Amino acid sequence: MTFRLLLTLLTSLCMYATNAQTAVFKGNISDTTLDNPQVKNASITLSNAKDSILYKFTRSNSDGAFRINNVQPGKYILIISHPDYADYSDLIELKDEENTQDFILLSKAHLLETVIVRGSPIRMKGDTLMFLADSFKVHEGANVEDLLKQLPGFQVNAKGEIKANGQSITKVLVDGDEFFGDDPTLATRNLLAKSVKEVQVFDKTSDQAAFTGVNDGNTQKTVNLKLKDEYKKGYFGKINLAGGNDEKWENSAMINTFTSKRKISAYGKMSSTENIGLGWGEDNQYGGNINSNVVIDGGSVSISSDGNPLNGVGSYWGEGLPKFWMGGFSYTDKWNQEKNKIVANYRYSKLNNETEKTTISQYILADSSYYTNQKQNSYSSQYQNVFNTRNDIVLDSLNSVLININGSKRSSENFSESRSQSLNSDKELVNENLNKLSNLNNSENLSASALWRKKFAKPKRTLSINAGLVYNKSEGTSYLFNELFYTSKLKKDTTDQLKESNNKSNTINTKAVYTEPVSKNAIIEANYNVIINNREQQLLSYDKEAGKYNDLNEEFSNQFRFQSIINKVGLAYRYSTTKMNFGFGGDIGRSNWKQNDLFQSIERKYNFTNYFPMANLRYKISQYSNLSFNYNGSTREPSINQMQPVANNNDPLNIAIGNPNLKQAFDQRFTMSFNKYDILTEKSIWSYISFNTANNDFSTFSTIDTNGVRRYQTVNVNGNFRMNGYFDVGFPVFKKFLNMGFSFNPSFSKLNNYVNDVFNTTRSRTLEFGTSFRKNVPNKFDVSLSNNIVHNYSKSEVNKNLKTNYFTNELSFDARLLAIKTFEIKTTLGYNWRQKTDIFTSNNNVLIWHAEVNKRVSKKQDIRVGIIARDILNQNIGFQRNINSNLITETNYNTIRQYFMLNVKWNFNKGAQKEQEW
Amino acid sequence: MKLFIFIAAIFITTASANAQTPFLTSGTVEYEVKINMSKNIDPNNSWAKNMAAQYGNYSTQYYKLAFNDQQSIYKKGKEFENKWDNYLAYTGYNEKNFTLTNFKENTITQFKNIFDKQFLIQDSALKIDWRLMDETREIAGFNCRKAVGRFNDTLYVIAFYSDQIVSQAGPLLFNGLPGLILGIAFPRYNYTIYATKVNMATPPESEFTYNIKKPINTTRKEIEKTTNELMARWGENENPDEKNKAIANILINN
């Protein structure tokens, strides 16, 4: 200590000696009213007079003396402060010498409170004191609390408690209403100061007094914040108009108007391009998508969607030429301090589609194979009316209720005409077929569910009970006309039938889950689940007789009822910390099935006992690296079409027969994943592998007769196995000039079925290798080049000589360029190469080139004009190759090809929000 | 001799000197850090909004500042559950971070765990231009004066310090006021640090030591550069304000 003291002393002296242009400021501080006049520990600060920046400070010693060395001569603001005394402040000038000055402080006890009144826009109106907010300067982004601090007579403490002229403010209103609850800080800390027009202070009479009109003298000091009109509400939206050659159009208009609590949006769209339906971002901002749930658990965030019920009609996967129309609106409202929230949506959509496709199929049989070539033209038109509502009700801090109601009415029409030829392994014609099918279907659906969630005072002890009801009804009428010509018999079979179908189903699903904490990080979860499922399907086929369809064909007619009751109870243990979480447990379930064949008056009953094991582990190796394992088992019920004991001859070459003896399938899945990302070096690894085995899996038992007619039935098989993996590494190369990535995506499967009474195992393998290069300079350009090579291999035991073995390759180039500020150029080039095989001999190699140029015009840059050119080389084809056990198919279909389109898009908004680009 | 007495007075504990108000030269301050996440996140980002609905609007953390006349260390205080930690990790938040300030040498050693890398940032104290204001507020039982600090040219911070604690220490990189900082408000980033309790016991020397295996030694300039490069890669440097925000987050968030 002594040494350090001396050192400091020396340094101080040295500095004092070397710097000539310095002043010293010293003196004594005292309080004359005390017996002991020296004021110790007072802080003496010097701030530059010109910018008031703190320059130097010291403390008075036990004698009340202070000294500041090495001061630049000049003008300073002096502040002397001490907790027991009123602050002393003065403007002083220090000369290039020893400046000595003594100060006498005034004890706080003697200090009279002074009120500063600024001559400012403050008005009194009746009993209300009003401040014009814009007259009080606050920093950019300041909240109301910052504003209140600037108002004369206002004090706001660290907790946000407000006092006006010494009286506590207990209520803060916004435009006369409570702002999301009773806590004044909610309003003062969450509202922007600049959104406030006026601050009003008044005494609010009690609710009782307001109700009775009798002033009971109970008043609350209240602040009312009047908002500027432009911040109260607003709207945003867009209008998109696009038209091109080849009957291509894509027009839409969307608007969202909002207030702080209410949101109403409306939208309409019509399109004949591949962009039908709403985009994900549009769905969120206009469509009121309420079915995506964000679940945040143990640090992982998953966005799940049960499939937006509003969609249904509105998906297009590149097959055919679509025409789409849609209109809808969405309403969201919050009230009762946000404790009640309702979302209601309605949507109408219609999709017409024209398709032309050719399918080449190969059926691998023992010692031989069969081929069919089919050409099909079809037209479909479907429309739907859908509504849904979601009600969130917070009953109190521990109880909440969520009610969902969905309803829909759908209708569809399909017409198709197809011609096909079947060939045997010697490529000799076996049959020729003409099939005409027209179908009209109407369906109604209603579902409702209520979820009650209860928390208890003990953390992590919860109870949730969910009850749901689903009701479906559909009716269909179809006409089937088919001419099947057998080459060997030189015989023609004609089918001319009217088919009527009626389908009804209802499901009741109730589930209760209770969690109980057993230690700081662990809970035990118990659940009980009852599912009651009733389905009934009537299929009636009438042959044409004397020009009338009234001869019931029993082979293709049936009425079937299926009921299943599932009771499940389960227990699970879950442990979670920030580093890892794991859980294990299982359910045990009893399923009771009852089938009634109402035509044959046969009743069948089955009972199953099932185990549903579950185990998972997620380990966070570091912030950006984690490892997880997952295992579970579950059952699958067959569909009613798979069970109903009736033949379906819609395609007389492929007759499906229901199997009432089907058992439920049991799946076991094991997945493992490992991810690592290093943000600084940009190296990443993503990997995933899954194994899936199924007992009593649904497979087919098919027989193909010499005439080329295939009959098949769903049967249970054991030993099916699927494996799928994904490995991806990414890293920068050439000193972070480029990002490079490699991916490997293998999948294997072993699937069993029966072919002409022979048990068959098909082993398939797909190996996909990807390479990619990307250069991205944000807001300037983004260029990427990638290549994917896929090898497909498949072999069926029933015919070991026939192997399916081919490569496909896809090379693509993407560029997005923001050349000049208001210009944007995008282009995509893709080359698809598909190896021919012995059976699939047509040329499917295509080069597809898309390009788009956009320019932002108008002063606000909110109008975008662009030209879109799709498939400039006009080479696009619809192509799909499938390996499904011993059935291999290649399908070519019509799809959207070359078109050019002019596009104008106008984004508009007023108020705080605007549409986000997604 | 007078000079000697003056300097001696500064170093001699003054806590017992005043009969009316006790003065502190060493101790430990407990802080509550609150970040209004719902205001920091993009109000139009429905994903972030969902997080706010799930986690609450605030990230609340507890830190402590141990100080004596030589140095101070700001680090994690009592246990807390910070559900926002994954989100904040992008700004350099980590429970192991600390800020060690040496007043004699005017240096600051920051330990930061950024993107799974351990950085030891050794640099001189942050230059802050303080302006003392004519406003007081009571924090943790201490009467505090308001000061507004400016650093990095455009960043402003509000501090509340108490004359009653004879130390220039403060949370994070904020220090250099004529008393210990008990309150910090960083309004631009909806970030506040307020003392909840001041313990008078002198902290043991071991409080100021650290043991980190193989840290990456760096300076504030370098880490700022690295961060800026990252932001540029993510395309977030177009708006100068966003750029500042990143720097502020990386440097200031513990």
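Here is how names work: the chains are called A, B, and so on, in the same order as the sequence lines, proteins then strands, and each is numbered from 1. This one's a predicted model, so the numbers in the text were calculated from it and none came from an experiment.
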Which atoms of A:Thr45 approach chain B - backbone, side chain, both or neither, heavy atom under 4.5 Å
side chain

Out of B:Arg145, B:Gln164, B:Arg150, B:Gln168, return the one with the most heavy atom pairs under 4.5 angstrom to chain A.
B:Arg145

Quick one, B:Phe23 and A:Arg59 - any side-chain contact, counting heavy atoms below 4.5 Å?
yes

A:Ser52 portion near chain B, given a 4.5 angstrom heavy-atom threshold:
both

So CG of A:Leu46 and CG of B:Leu132: to nearest 0.5 Å the spacing works out to 10.5 Å

Would you check if the side chain of B:Arg131 reaches a backbone N or O of A:Ser47 as a donor-acceptor pair within less than 3.5 Å?
no

In terms of heavy-atom pairs under 4.5 Å with chain A, which of B:Gly183, B:Gly176, B:Ala147 leads?
B:Gly176

In Å, rounded to the nearest 0.5 Å, how long is the span from CG of B:Asp163 to CD1 of A:Ile80?
11.5 Å

Answer yes or no: does atom NZ of A:Lys683 have more than 12 heavy-atom neighbours from other residues, nucleotides or ligands under 6.0 Å?
no

Does NZ in A:Lys460 sit with more than 12 non-hydrogen atoms of other residues, nucleotides or ligands closer than 6.0 Å?
yes

Identify whether the distance between the nearest side-chain nitrogen and carboxylate oxygen of B:Lys117 and A:Asp678 falls below 4.0 Å.
yes

Is the NZ atom of B:Lys197 crowded by more than 12 outside heavy atoms at less than 6.0 Å?
no

If one checks every heavy atom of B:Leu177 against chain A at 4.5 Å, the contacting part turns out to be both

